[in-house]
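The structure appears below as structure tokens.
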Protein chains: 2
Amino acid sequence: MNLKQLSELLGLSQTTVSRALNGYPEVNEATRERVLQAVKETGYRPNKAAQRLATGKAGSIGLVMPTAPGHQSDVHFGEFLTGLGEEAVRHDFHFVIMPADPDDEVAALRRLAISGNVDALFVAYMRGHDPRLAMLKSLSMPFVVHGRSFGTEPDYPYLDIDNEAAFYDAARLLLQLGHTRFALMNGPAHLDFAIRRRNGLIAALGERGLELAEDCTSHTVMTDEEGLVAMERFLQLAERPTAILCSSTVLALGAIRAVNQAGLKLGEDISLIAHDDVLPLLKPENFSVPLTTTRSSLRAAGVRIAQRLIGTVKQAGPFPEQELWKTELIVRASTGPVPQS
Amino acid sequence: MNLKQLSELLGLSQTTVSRALNGYPEVNEATRERVLQAVKETGYRPNKAAQRLATGKAGSIGLVMPTAPGHQSDVHFGEFLTGLGEEAVRHDFHFVIMPADPDDEVAALRRLAISGNVDALFVAYMRGHDPRLAMLKSLSMPFVVHGRSFGTEPDYPYLDIDNEAAFYDAARLLLQLGHTRFALMNGPAHLDFAIRRRNGLIAALGERGLELAEDCTSHTVMTDEEGLVAMERFLQLAERPTAILCSSTVLALGAIRAVNQAGLKLGEDISLIAHDDVLPLLKPENFSVPLTTTRSSLRAAGVRIAQRLIGTVKQAGPFPEQELWKTELIVRASTGPVPQS
DNA sequence: TTGCGTTGTCAAAGCGCTTTGAAATTTCCT
DNA sequence: AGGAAATTTCAAAGCGCTTTGACAACGCAA
């Protein structure tokens with residue numbers, strides 16, 4: 001069933017039916033009723049591809065999903081997608097997801113944009129000096145970035161959390177508790193959030209004349225295995241750190257296993273603060289020793305970015321171009337005063 | 001840059017250029033070279049919507065993502081998607097994801113199909129007597145179901161794991177260890193896998209003249225909180241169960257917390273077997289007491305389903321219509337002989 | 001009655017691609 | 001050399017929709 005058939009059925013022209021459907025004013029109310037009724041009866045749905053071709057709009061936002069045979073799937077991605085979806089469903093928008101090798105992200109993004117399948121782009125996993133930004137700007141397609149790109153002029157639309165402040169504040173808390181030996185379990189070194197969190201920690205330490213030792217820093221993908229390995233390394237150091245900052249509750253999971261296996265007590269021998277993306281699977285309050293965290297909901301960020309993206313496509317703007325969300329520092333039992341020894 | 005412009009640039013007709021691009025034989029090799037060269041230089045990409053409109057194929061597979069403001073995001077969904085993506089990227093396919101309220105899945109699926117945006121559909125979260133099957137069959141669009149629908153003639157294309165055998169085997173193991181008091185922590189009662197796993201357990205118990213008590217069964221969404229609550233309830237029973245079957249490692253996470261809080265020892269006081277979807281986040285071997293599991297990789301299932309779906313669209317078939325994968329029973333430390341008491 | 005502004009409807013063009021059927025060109029065989 | 005066959009290219013139609021610009025039909029004032 002297509003427009004033509006429907007209009008023939010009704011004895012109207014395609015134009016009129018199309019207008020009736022799309023809420024144009026220049027059509028008789030009675031006619032509109034009749035059309036709507038027919039749509040209900042026939043179950044007619046406009047062909048999206050044709051609509052897209054005719055209008056240039058498709059009601060969809062595009063994103064690239066990094067994936068590869070060996071590539072670990074990332075819970076953060078799923079959680080974020082849920083947030084996007086929550087908003088998208090309200091506007092009858094959908095997603096076009098292009099899976100791509102992580103090395104191929106720039107090209108994949110370009111393909112997605114040029115394909116003419118999407119109205120707007122969402123970009124995540126930002127890196128320092130991210131090459132995608134220049135490409136995106138040249139594209140004249142709306143986009144919003146989750147995160148920022150360290151070292152690039154921040155003149156693009158983004159939503160980010162204040163990673164630097166988060167870890168600065170977290171470090172300050174631990175400093176006030178008397179800790180002086182810090183370690184950082186971070187995400188991959190080239191990612192923007194990792195850079196900023198590290199800077200936040202270094203800034204706080206610097207104020208007390210302290211430094212972050214090289215061997216007390218780990219940059220890895222954020223899995224619990226890597227957390228375990230990193231923590232085991234820290235624990236074998238001559239000058240064992242007593243305060244750990246951790247970029248993810250996933251990493252913390254492994255780290256805590258290492259602490260337990262070493263027979264140490266979290267919150268007493270070792271204090272740990274992790275960043276909490278509010279993953280439904282990993283609630284800091286449910287850890288055997290509830291975790292002190294810097295918190296910001298990934299899902300909420302997804303909702304907000306979808307709002308901005310969809311709003312822009314629908315010209316419902318204007319939206320703020322840059323948003324920087326504060327994180328919450330939530331103190332639980334995994335932090336305590338520095339142990340006497 | 002579109003086909004017309006490109007063809008004018010080359011002094012060829014659109015037809016020839018199109019044919020050159022799509023690998024048709026009736027075009028001179030030299031001409032093809034020239035076209036390919038021009039494409040490289042201009043960065044021309046065919047408009048997908050137009051292609052879709054003209055051919056009826058779009059190189060995309062559609063799926064519905066259940067989502068709602070209160071709705072917990074589901075790790076399993078993300079993991080599965082990764083699997084699909086891993087295969088899709090090899091064929092330059094993408095996904096069209098339609099977020100939809102869980103109550104609206106049938107309608108959402110129909111919208112997605114009729115929209116003309118997708119070549120094939122993937123369907124998950126199957127229920128007993130699932131109403132989507134009849135709709136799908138009437139649609140004349142390829143689809144593959146992950147799971148099955150209990151109570152419906154299995155004449156549709158699916159890939160499922162043998163849930164019944166999995167829990168039957170798991171129960172047998174525990175029976176051999178002397179356990180007689182069983183409990184089941186299952187997923188939502190209307191879901192197909194939950195029905196079959198329960199049946200598997202009941203069958204194994206039946207062979208020994210045992211029954212599964214009503215108050216030793218819980219059907220909940222699979223979060224660690226629900227696992228905790230369910231296990232707490234089991235532990236307060238007069239005739240406390242000693243053998244637990246658990247439909248997810250996520251549930252197990254909560255269950256184990258309850259066991260620990262009650263001062264009991266997993267693998268001694270309580271034996272537990274969980275089904276393991278091989279979530280990267282939740283490795284059974286990394287639990288403080290490594291978990292005995294029935295295992296089947298969700299991601300691998302995703303890859304396989306994508307193969308079948310894409311193969312069908314590309315007419316690369318034939319593919320088996322029905323596949324039933326065996327699960328592995330992997331014994332670790334969370335199971336032990338029934339405690340003497 | 002004529003003339004004018006509204007209102008409701010329509011035919012036709014166009015979005016960018018594929019594909020059909022025919023035409024132009026080249027190649028081959030006798 | 002002449003004609004058939006094979007190769008290469010093309011013009012035009014069509015996919016299903018939106019939108020422009022024109023055209024009836026109507027009511028109403030003059």
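The sequence lines fix the lettering, A, B, ..., with proteins before strands; numbering per chain opens at 1.
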Between D/dT18 (C1') and A/L6 (CG): distance, integer Å: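 Result: 15 Å.
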Validation: residues 94-105 of chain B side-chain donor-acceptor distances under 3.5 Å, sequence neighbours left out:
{"unit_1": "B/D101", "atom_1": "OD1", "unit_2": "B/D103", "atom_2": "N", "d": "3.1"}
{"unit_1": "B/E105", "atom_1": "OE1", "unit_2": "B/R132", "atom_2": "NH1", "d": "3.1"}

Specify the closest pair of heavy atoms between [X] and [Y], including all atoms of both residues, with the distance to one decimal.
{"X": "A/V106", "Y": "A/M135", "answer": "O-CE, 3.3 Å"}
{"X": "B/L298", "Y": "B/E79", "answer": "CB-CG, 4.1 Å"}
{"X": "A/L133", "Y": "A/S149", "answer": "CD1-CB, 3.5 Å"}
{"X": "B/L159", "Y": "B/V144", "answer": "N-CG1, 4.3 Å"}

Phosphate-side-chain proximity, B/N47 and C/dG16, N/O vs OP1/OP2 below 4.0 Å: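 Answer is no, no contact under 4.0 Å.
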B/T31 vs D/dT8: side-chain N/O to OP1/OP2 distance below 4.0 Å: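 No, because none of the side-chain N or O atoms of B/T31 sits under 4.0 Å from OP1 or OP2 of D/dT8.
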Verdict with reasoning, B/E41 to B/Q37, per side chain to side chain donor-acceptor pair (under 3.5 Å): CA-CA 6 Å; B/E41 281 164 14; B/Q37 185 59 32; 3.1 Å; yes
Residues in contact with DNA chain D, drawn from residues 14-29 of chain A - heavy-atom cutoff 4.0 Å: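 The answer is A/Q14, A/T15, A/S18, A/R19, A/N22, A/Y24.
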ring-ring contact (aromatic ring centres under 6.0 Å, His included), paired with A/F122, selected from A/F80, A/F77, A/F143: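 Output: one option passes, namely A/F80.
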Side-chain donor/acceptor of A/T312 to backbone N/O of A/P142, under 3.5 Å: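 Not at all, since once roles are kept as given, no pair shorter than 3.5 Å links the two residues.
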Bend angle of the helix from C/dT1-D/dA30 to C/dT30-D/dA1, from helix axes over five pairs at each end, nearest 10°: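 That helix has its two terminal axes inclined by roughly 60°.
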